[in-house]
Trainee: 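Once you've had a glance at the structure underneath, I'll fire off some questions.
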There are 2 protein chains.
Amino acid sequence: MNNEDLAVTLAAKLSRAIEQQQFEQAINEVQALRPIDIADVLALIEPKFAWQILEVLPNRSTIFAYLDADIQVAMALEFPRASLAKIVGEMPSDERTDLYKHLNQEQRDALLPALAQAKREDIRRLSAYEERTAGALMTSDYATLAAQMTVAEALDALRLEAPDAETIYHAYVIDGARKLLGVVSLRVLILASPEQLINDIMVRSVISCDVNDDQEDVAKAVARYDLIALPITDASGALVGIVTHDDAMDVASDEATDDFHKSGGVSTMVGKLKDVSIRMLYRKRVFWLVFLVFGNLLSGLSISNFEDVIAANLVLVFFLPLLVDSGGNAGSQSATLMVRALATGDVVMRDWFSLLGREALVALMLGATMAVAIALIGYVRGDAVVSLVLALSMMSVVMIGCVIGMSLPFVLNKLGFDPATASAPLITSVCDASGVLIYLFIASKFLAI
Amino acid sequence: MNNEDLAVTLAAKLSRAIEQQQFEQAINEVQALRPIDIADVLALIEPKFAWQILEVLPNRSTIFAYLDADIQVAMALEFPRASLAKIVGEMPSDERTDLYKHLNQEQRDALLPALAQAKREDIRRLSAYEERTAGALMTSDYATLAAQMTVAEALDALRLEAPDAETIYHAYVIDGARKLLGVVSLRVLILASPEQLINDIMVRSVISCDVNDDQEDVAKAVARYDLIALPITDASGALVGIVTHDDAMDVASDEATDDFHKSGGVSTMVGKLKDVSIRMLYRKRVFWLVFLVFGNLLSGLSISNFEDVIAANLVLVFFLPLLVDSGGNAGSQSATLMVRALATGDVVMRDWFSLLGREALVALMLGATMAVAIALIGYVRGDAVVSLVLALSMMSVVMIGCVIGMSLPFVLNKLGFDPATASAPLITSVCDASGVLIYLFIASKFLAI
């Protein structure tokens, strides 16, 4: 049974227990589970009852933080104001800010006065950063040390900070102006002798990101340097937050989803597929579909220029979808390889020229293989001349498709677009238009009109 | 300047310094860098010189572990056997095993006798696990504790294990038979009082994976439960290794790349795009291209059944690529959304039916929009009847495309294939064949032959 089936089964049990007013039993069912698993169960039952169960669980703020924003808001409406303030106050600062952003003005006005001053400030500060930046991703619950502390003092300080900090495995050394001076890992701390100074054992060359950096760069830095957390600094070099490895992993997954969607001609979409509204789905898909309808008119225009040769050789139409699709398919392959390699950083802009040479060679081999296949079929359906036209067209179509497919992501990147915009549908349409032109041009040279 | 440009610049400096026999200067250039950054520089210079620099760096085994396997092997050939054994002995056990797998028999025979008995055993054991399983991914460098230890004893034990363990932030509690009993975080340890028993503070419900589990499931568990490391157990419940968060993040990225490639009709490919051989690229792409040539013959066969109506209405050919591509594009979008949602776990098999209803509605809206667009163009190029044929065809083609696009990943999954096999090229070809048939069938009903 997977996590989701388990959640459905448990949610049904819980709902029954609640109907029979057996709250204790309901709570017993879930309290041994992990916070995220409890969140999955609570998401499936009525917000009112979910809140009643959540209220008595010891790690309720952690569980609440795992819920989707819309469910958090629905549940928040059920909370007495004092409880809401308490649970929101206990949440990790990044999650708390996300929730705040999802509340309407009235809910915000109800929540803010109930929070402690420091938490209000924190929400105001964190919610000011633009979406998809390091600032919007980071948490302000990190552990700091001073350079002149001894190891013993540092360990005592960390013990005090532990309940609130998201991680104490990396502690950041700052000066009076919060400027980031270095980092010490807990591993180093417990190995050092108690009287050593932090200043002498800290690592000074800290990998950090700026608060305005793209969240994708943050995720890449965490992945590249195998970090548990990445410190985020502002323009003055002052430490303002950290991004933890688990949040970086979520970003990497979201960014992959985004690229994946773009590769299929779907615009950036936030939220799970099951939860996204039909209107949103329509909006995210219609642009490319209609845009490509007009793009495909180019194929039609090529065709109308060669109506004579088509009329005289209707067999050409038989092979039309096959030929143009082959170019599009080969092009989609090239674009897919290139878009992903650019996204992971395996390939950079200046590799374009050397990759083009390799791609041309691969395209030649692929084109030749496919030319043989289609020439055989062409000979059976038509004659030797048709066979020759098909083989030549296939070679050209595949070569051109590959060159377009591998170049378009680079061109888009150069023009400041996301290379993932070179989606399979776009590549297919571009390759189709050129494929039709090539095919009919070659045919018009060899076949009688 | 990005990481790679920096590496190129530094590698050039290094090569010059080495040519002038100024080794010390070369070493000074790199030694302040992070291990992975040094590895990137060393990868760009001759193995012989790279080795001479690496040899004197204090964290050489960490740096060496970051190099790609082929460069590791090339450098290994330059090492004196004793140095090779030393550096390989110091490597993390998972990286060491990966290197071992890349050596030929002669190199293995040279290496093994130079390693300590325990490391030899470790390599033999780890290299026996199938690729892409938890066993092939895990490291055996983890920290263990006994349940009857006090916190003070546990901290002492961790201090001893720290130099070898990949992480001491999670320590695993095992019994005499290495059965996994619980987990203790270093955070909990430093907060506990020294005389408390591990048995009383450990978490007993440990999230773990089986050694034969798919590496994708391991990465998903690490992501879901925000773990720093995930313990791996064998069939008897004995702890045999751990997978750390950074390795899990790499797996998630590799799996996303794999799905991405499949979505573009490229088979599973190992290695960076720049490094993959041309022959490999050809092999990974030719199957789908040739397979789809034969698939597209179906489109051709539909066409040959309707040659009369085409011959009488050549304007139909003008709209042929546009119409069939639209179906393919809409289908690619649906498939992309579905494949990624299945991969991330946002959608499970039993969601198919409810998603189909939503998809049909979205398809209806998309189809209607596009029908209006094409009807206008059709009216300009043809007449009212052509316009009607086009609008009806577009509606049908988009609807069918979406249903195929969203269902095929589910069907493939049900049949035991990776849903990502429902690539854009495959969907396009299937949708094209049905699109041609629908279009020409509708045309034959409305237009004169």
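Throughout, protein chains are lettered first and strands after them, A, B, ... in sequence-line order, and every chain is numbered starting at 1.
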Trainee: Tyr282(B): which residues meet the ring pair (Phe, Tyr, Trp, His ring centres under 6.0 Å) condition with it, sequence neighbours left out?
Mentor: none
Trainee: Which value, rounded to the nearest 0.5 Å, describes the distance between Ser429(B) atom OG and Asn329(A) atom CG?
Mentor: 4.5 Å
Trainee: Could you tell me which portion of Ala162(B) (side chain, backbone, both or neither) has an atom closer than 4.5 angstrom to a non-hydrogen atom of chain A?
Mentor: both
Trainee: Under 4.5 Å heavy-atom distance to chain B, tell me which part of Leu320(A) shows up: side chain, backbone, both or neither.
Mentor: side chain
Trainee: Which answer fits Arg34(B), side chain, backbone, both or neither, if we ask what part of it has an atom under 4.5 Å from a heavy atom of chain A?
Mentor: side chain
Trainee: Using heavy-atom distances under 4.5 Å, tell me whether Asp259(A) contacts chain B through its side chain, its backbone, both, or neither.
Mentor: both
Trainee: Which one wins on heavy-atom pair count under 4.5 Å against chain A: Glu359(B), Met249(B), Arg204(B), Arg285(B)?
Mentor: Arg285(B)
Trainee: Could you look at Ala165(A) and say if it's the side chain, the backbone, both or neither that has a heavy atom under 4.5 Å from chain B?
Mentor: backbone
Trainee: Highest number of heavy-atom pairs under 4.5 Å with chain A: which of Ile374(B), Leu297(B), Leu361(B), Val347(B)?
Mentor: Leu297(B)
Trainee: Quick check on Thr344(A) against chain B: is it the side chain, the backbone, both or neither that has a heavy atom closer than 4.5 Å?
Mentor: side chain
Trainee: Please rank Ala219(B), Ala32(B), Ala223(B) by heavy-atom pairs under 4.5 Å with chain A and give me the top one.
Mentor: Ala223(B)
Trainee: One pair to check against salt bridge (Lys or Arg N to Asp or Glu O under 4.0 Å): Asp37(B) and Arg224(A). What are the steps and the verdict?
Mentor: CA-CA 9 Å; Asp37(B) 294 328; Arg224(A) 178 173 172 85; 2.6 Å; yes
Trainee: So for Val203(A), is it side chain, backbone, both, or neither that comes closer than 4.5 Å to the heavy atoms of chain B?
Mentor: side chain
Trainee: So what's closer than 4.5 Å to chain A heavy atoms on Leu323(B): side chain, backbone, both or neither?
Mentor: neither
Trainee: Just how far is it from atom OG of Ser423(A) to atom CG of Leu292(A), taken to the nearest 0.5 Å?
Mentor: 6.5 Å
Trainee: With chain A, which of Ser253(B), Ser302(B), Ala252(B), Pro163(B) has the greatest number of heavy-atom pairs at distances under 4.5 Å?
Mentor: Ser253(B)
Trainee: Considering only heavy atoms, which portion of Ile377(A) lies under 4.5 Å from any heavy atom of chain B: side chain, backbone, both, or neither?
Mentor: side chain
Trainee: By a 4.5 Å heavy-atom criterion (distance strictly below it), what part of Ser334(A) contacts chain B: side chain, backbone, both, or neither?
Mentor: both
Trainee: Which region of Thr244(A), side chain (C-beta onward) or backbone (N, CA, C, O), has a non-hydrogen atom less than 4.5 Å from a non-hydrogen atom of chain B, or is it both or neither?
Mentor: neither
Trainee: Under the side-chain contact (heavy atoms from CB on, under 4.5 Å) test, which residues partner Thr167(B), sequence neighbours left out?
Mentor: Tyr169(B), Ile228(B), Ala229(B), Ile242(B)
